[in-house]
Amino acid sequence: VRCVQETGLIALVSTLAVLGLFVGLSYNEQESSRVIDESTFANIHEVRTQHFFLNLTVNFDTKTLSGSNTLTLQSQTRRLQQVILDAYHLEIKQVVDQNFNMLDYEHVTPTSDQKDLGQYLVIYLREPAKRGEIFNITIFYSTAKEQDTISWLEPEQTAGGKYPYLYSQCDIKLGGESSPEDYQKFRKLFMKAQVIFLDELLDNKQALTRKIVERIEQDFSDLLLNIKQCELIMRFLRLAIITNYNEKNELLSQYMGSIGRMRYTQPVFQELIDNGKKDLAIEVFNRHRSFYHPLARRAFELSLIHISEPTRQAEISYAVFCLKKKKRYIH
């Protein structure tokens with residue numbers, strides 16, 4: 001990968017998912033020769049990828065990736081005449097074989113009932129490939145302007161404020177007849193990655209800027225609309241508090257009046273206190289006081305207002321996060 005702008009920084013994550021120019025990397029010889037995968041256009045039952053080589057140029061001025069992808073392929077059929085690749089939001093320049101002969105191709109936009117799968121590239125071989133035959137194909141291309149799996153940050157949007165930054169992002173889309181259990185499994189994995197990302201930002205508070213938080217809000221906009229996304233919203237609100245993103249105070253109040261578990265509310269209250277916003281914390285608490293469980297309410301009172309009146313032992317134990325002295329037994 002080569003940068004056009006000398007000072008540019010790159011974080012290419014899940015490059016295959018971003019560029020889409022490949023066919024199935026795995027193939028089970030024990031299974032049926034006809035592999036069905038309704039989430040791709042690729043003819044994975046006829047050809048498989050053994051290796052790929054990316055040669056890319058990153059241009060921060062035009063916000064594009066351009067270059068080539070050389071695929072080493074193996075035919076899985078007796079007479080392979082074409083290779084089909086997923087190629088979404090790409091501008092195909094040319095396709096050549098291992099002898100640099102030009103190959104004919106079609107870049108197809110599917111019908112409306114298949115549009116969620118994106119676009120695909122059909123490459124026609126000069127000579128049919130026999131079963132087991134290994135050959136190379138090189139596709140020269142660039143990313144299109146409407147590419148939505150690549151994000152570009154201006155220097156002022158980065159922690160150091162000096163260099164532009166590129167990172168890739170992918171949304172989970174399951175095609176075909178995937179079960180609800182499959183969707184939840186992959187959705188949970190995707191959410192976990194986002195939580196780890198926000199935790200990394202919270203661990204580097206000194207480098208946070210409001211523009212970074214605004215970009216996170218833009219990228220996570222759909223998720224932030226669901227107030228029950230506690231893991232994400234709790235961390236986002238903490239980032240907003242740290243960077244004085246006061247426009248999010250309404251979201252903060254809505255969240256704190258909808259989520260009662262201390263695990264998801266106590267860190268927000270604590271962030272307000274740590275950043276000199278105790279008055280706002282008390283205001284939000286008083287607004288939703290009746291919503292909280294009595295034990296949680298008592299714990300919040302002790303941390304926010306430092307009430308010293310006598311309380312029941314159970315409440316005190318909960319207020320100090322249920323830390324109990326272990327009994328010592330003498331034998």
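FYI, the numbering just counts along the sequence from 1. Computation of the quantities below employed the complete heavy-atom set of this structure, encompassing side-chain atoms and omitting hydrogens, waters and symmetry-equivalent molecules. None of the values given here were measured: they were computed from a predicted structure.
Checked by atom type, the side-chain pair R215/S151 shows a donor-acceptor distance below 3.5 Å. Side-chain polar atoms of E46 and T77 form no donor-acceptor pair below 3.5 angstrom. If you check the side chains of S66 and S142, you find no donor sitting under 3.5 Å from an acceptor.
Within the 4.5 Å cutoff, no side-chain heavy atoms of K162 are placed close to those of P155. For the pair R261 and C230, the minimum side-chain heavy-atom distance is 4.5 Å or more. Side-chain atoms of N55 and S68, non-hydrogen and from C-beta on, do get closer than 4.5 Å to each other. Side-chain contact between Q76 and H45: absent, with no pair of heavy atoms (C-beta onward) separated by less than 4.5 Å. Side-chain contact check for L224 versus F236: some heavy-atom pair is nearer than 4.5 Å. A heavy-atom distance below 4.5 Å is found between the side chains of F60 and V58. The shortest distance between side-chain heavy atoms of F41 and L121 does not fall below 4.5 Å. Using a 4.5 Å heavy-atom threshold, the side chains of F285 and Y292 count as touching.
Within the structure, ring-ring contact (aromatic ring centres under 6.0 Å, His included) pairs that include any residue of residues 253-273 comprise F269-F300 (at least two apart or interchain).
In terms of heavy atoms, T62 sits closest to T64 at OG1-OG1, 2.8 Å. The shortest heavy-atom contact between Y120 and P110 is CE2-CB, 4.5 Å. The shortest heavy-atom contact between A299 and M262 is CB-CE, 3.8 Å.
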Test log, rule side-chain contact (heavy atoms from CB on, under 4.5 Å), inputs L56 and Y141: CA-CA 9 Å; L56 296 176; Y141 66 97; 3.6 Å; yes
Salt bridge (Lys or Arg N to Asp or Glu O under 4.0 Å) between E250 and K248, intermediate numbers included: CA-CA 5 Å; E250 182 178 347; K248 297 295 104 182; over 6 Å; no
Test side-chain contact (heavy atoms from CB on, under 4.5 Å) applied to L71 and I139, step by step: CA-CA 8 Å; L71 300 171; I139 304 100; 4.0 Å; yes
T209/T243 under side-chain contact (heavy atoms from CB on, under 4.5 Å): CA gap, chis, key distance, verdict: CA-CA 6 Å; T209 65; T243 57; 5.8 Å; no
Residues N286, I282; criterion side-chain contact (heavy atoms from CB on, under 4.5 Å); working and verdict: CA-CA 6 Å; N286 287 332; I282 294 174; 3.4 Å; yes
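Atom-to-atom distance recorded for D274:CG and I241:CD1 is 9.5 Å, nearest 0.5 angstrom. Separation of atoms OG1 (T138) and CD (Q98) is listed at 9.0 Å; rounding is to 0.5 Å. Note that the OH atom of Y105 and the CD1 atom of I123 stand 9.5 Å from one another [nearest 0.5 Å]. Rounding to the nearest 0.5 Å gives a distance of 12.5 Å between CG of L80 and CD of E127. Atoms CG and CG, on L252 and L280 in that order, are 6.0 Å from each other to the nearest 0.5 Å. Interatomic distance, CE of M256 versus CG of L251, reported as 11.0 Å (0.5 Å rounding).
For the salt bridge (Lys or Arg N to Asp or Glu O under 4.0 Å) with E271, the lone residue among K278, R235, K205 that qualifies is K205.
A single hydrophobic cluster is not seen to contain both F140 and L85; linkage of ILVMFWY side chains at heavy-atom distances under 4.5 Å, directly or through other members, places them apart. Under the 4.5 Å side-chain heavy-atom criterion for grouping Ile, Leu, Val, Met, Phe, Trp and Tyr, L232 is connected to I212 within one hydrophobic cluster. L202 and Y245 end up in the same hydrophobic cluster when Ile, Leu, Val, Met, Phe, Trp and Tyr side chains are linked at under 4.5 Å. Two different hydrophobic clusters hold L73 and F53 under the rule that ILVMFWY side chains link at heavy-atom gaps under 4.5 Å. Each of V96 and F135 belongs to its own hydrophobic cluster when Ile, Leu, Val, Met, Phe, Trp and Tyr are linked at side-chain heavy-atom distances under 4.5 angstrom.
Remark: T72 engages Q50, H51, I134, N136 in a side-chain contact (heavy atoms from CB on, under 4.5 Å) (not counting sequence neighbours). The side-chain contact (heavy atoms from CB on, under 4.5 Å) check on R78 picks up R131, with sequence neighbours excluded. Remark: E156 pairs with no residue by the side chain to side chain donor-acceptor pair (under 3.5 Å) rule, at least two apart or across chains. Q82 pairs by the side-chain contact (heavy atoms from CB on, under 4.5 Å) definition with I84, V122, Y124, not counting sequence neighbours. Residues forming a salt bridge (charged side-chain N to carboxylate O under 4.0 Å, His left out) with E154 (at least two apart in sequence, or on another chain): K63.
Panel note: side chain N204, backbone E200; a donor-acceptor pair is recorded below 3.5 Å. For the pair T143 (side chain) and L65 (backbone), a donor-acceptor distance under 3.5 Å is present. Side chain of E133 to backbone of K130: a donor-acceptor contact under 3.5 angstrom is found. Checking side-chain atoms of S253 against main-chain N and O of N249 turns up no donor-acceptor pair under 3.5 Å. Judged by distance alone, with hydrogens and angles left aside, the side-chain atoms of Q119 form a donor-acceptor pair with the main-chain N or O of H89 at under 3.5 Å.
R210 and E217 are not joined by a salt bridge, as no carboxylate oxygen comes within less than 4.0 angstrom of a charged side-chain nitrogen. A salt bridge between K277 and E283 is absent, with no side-chain N of the basic residue lying under 4.0 Å from a carboxylate O of the acidic one.
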